[in-house]
There are 2 protein chains.
Amino acid sequence: MWKRHRHSECIKEAISRAEKTCIARKCRLTPIRKKVLELIWKSHKPIKAYDLLAQLSSDNFTEKPPTVYRALEFLHENNLIHRIESQNAYIGCNADHDSFDSKFLICDKCNEVEELIEPKVNKALFEISKKQGFTPSLVNVEIHGTCSQCAQR
Amino acid sequence: MWKRHRHSECIKEAISRAEKTCIARKCRLTPIRKKVLELIWKSHKPIKAYDLLAQLSSDNFTEKPPTVYRALEFLHENNLIHRIESQNAYIGCNADHDSFDSKFLICDKCNEVEELIEPKVNKALFEISKKQGFTPSLVNVEIHGTCSQCAQR
DNA sequence: ATATGAGTGTTATAATATAACATACCTCTT
DNA sequence: AAGAGGTATGTTATATTATAACACTCATAT
Ligand SMILES: [Zn+2]
Ligand SMILES: [Zn+2]
Ligand SMILES: [Zn+2]
Ligand SMILES: [Zn+2]
């Protein structure tokens, strides 16, 4: 996001990463799962389940919701995508980060999302939690605002 | 949460706080809005819109969804409640904190939620965002895990 | 009293997600 | 090659969450 790049490379990298993950974890990147992951990456923004569904379907053929939700579940379990809670939408992840740590910058103008990879805040949040007697297992941070591109306009 | 307290006092305090807020902001805590706020506080956990709806309704009378969603919208705009995004549920707020800063400890066992009031992490996140050229307007942190009560069991 | 805006009632529908069960398809064993 | 067992998909139905649109009521301010 906000950096020029060959987006087709992102997608290739994501698929290749997914294939490796599946070998390592002994699970299968079936055609449906692969297609959903590709569509998520093509979108370049968080994409909603029913938009994926529409793109999966062709004129003479309609996929049903469970198809896409199952693929999303699989991809999520295997750390290949994230769900942006405040948008009910899904975005690809190409970073090797702890699965319990996710942080996003969400532009409310253009809707693009960038994942923040930064371990310190996570650590601080874990420590604060523990002080309260709470045992954290997962941290999700969603920061809304305006990206640099949109700020310039 | 996780601290013994007279919960009836929480509710009273919340209503009194809401009344003050409404005077200050020149808006109205109508009977519906007040009732919804009370029900949210009575729940003691995040509560869902349709559960509120059920509680608002009596045997011979059913409220409609817009009634509760409008009340929730009002309460949220006026910083009297928070929405827990990962649960599609709503919880009361009695803290005087910046409206753009909300952090929650969410116990996945008992479903109770505690709000964390702690300014440092927020500041750190703002700074990290700005370094990326992003102008933040709102931070939401949801930390899932196990509360001390549930850990003991 | 009457105009104005805020609040509520009502109907309908949109958007998001899952349950349940049937069928197909891999992969391993024999 | 046949069968068993598990994984994945197809299919139907339904649950859950949320909003649009328009009519009506009510407070209150001039
Ligand atoms: Zn990630
Ligand atoms: Zn933007
Ligand atoms: Zn709060
Ligand atoms: Zn608990």
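All values below come from the heavy atoms of this structure, side chains included, with hydrogens, waters and symmetry mates left out. Keep in mind that this is a model prediction, so the values were computed, not measured. Throughout, a chain's letter reflects where its sequence line sits, starting with A, and its residues are numbered from 1.
- A donor and an acceptor atom, one from each side chain of A:Glu115 and A:His82, are located under 3.5 Å apart.
- In this structure, a donor-acceptor pair under 3.5 Å is absent between the side chains of A:Asn140 and A:Arg83.
- Counted by atom type alone, A:Glu85 and B:Ser86 present zero donor-acceptor pairs between their side chains at under 3.5 Å.
- If you check residues 16-29 of chain A against DNA chain D, the residues with a heavy atom closer than 4.0 Å are A:Arg28, listed by number.
- Both geometric conditions, a ring-centre gap below 5.5 Å and a plane tilt below 30°, are fulfilled for A:Tyr50 over the base of C:dT16.
- Ion pair B:Glu142/B:Lys103 not flagged as a salt bridge, since none of the NZ, NE, NH1 or NH2 atoms sits closer than 4.0 Å to an Asp/Glu carboxylate oxygen.
- Of the two residues contacting DNA chain C, namely B:Lys64 and A:Asn88, the nearest-nucleotide position lying further toward the 5' end is that of B:Lys64.
- Rounded to an integer number of Å, the gap from A:Glu63 CD to D:dT12 P is 13 Å.
- Within the 4.0 Å cut-off from OP1 or OP2 of C:dA17, at least one side-chain nitrogen or oxygen of A:Tyr90 is found.
- Atom-to-atom, CD of B:Gln87 to C1' of C:dT16 comes out at 17 Å; the value is rounded to the nearest Å.
- Near DNA chain D, defined here as any heavy-atom distance below 4.0 Å, the residues from residues 31-38 of chain A are A:Ile32, A:Arg33, listed numerically.
- One interatomic measurement links the two molecules: CG of B:Asp51 to C1' of D:dT16, which rounds to 10 Å at whole-angstrom precision.
- Taken residue by residue, residues 67-74 of chain B places heavy atoms nearer than 4.0 Å to DNA chain D at B:Tyr69, B:Arg70.
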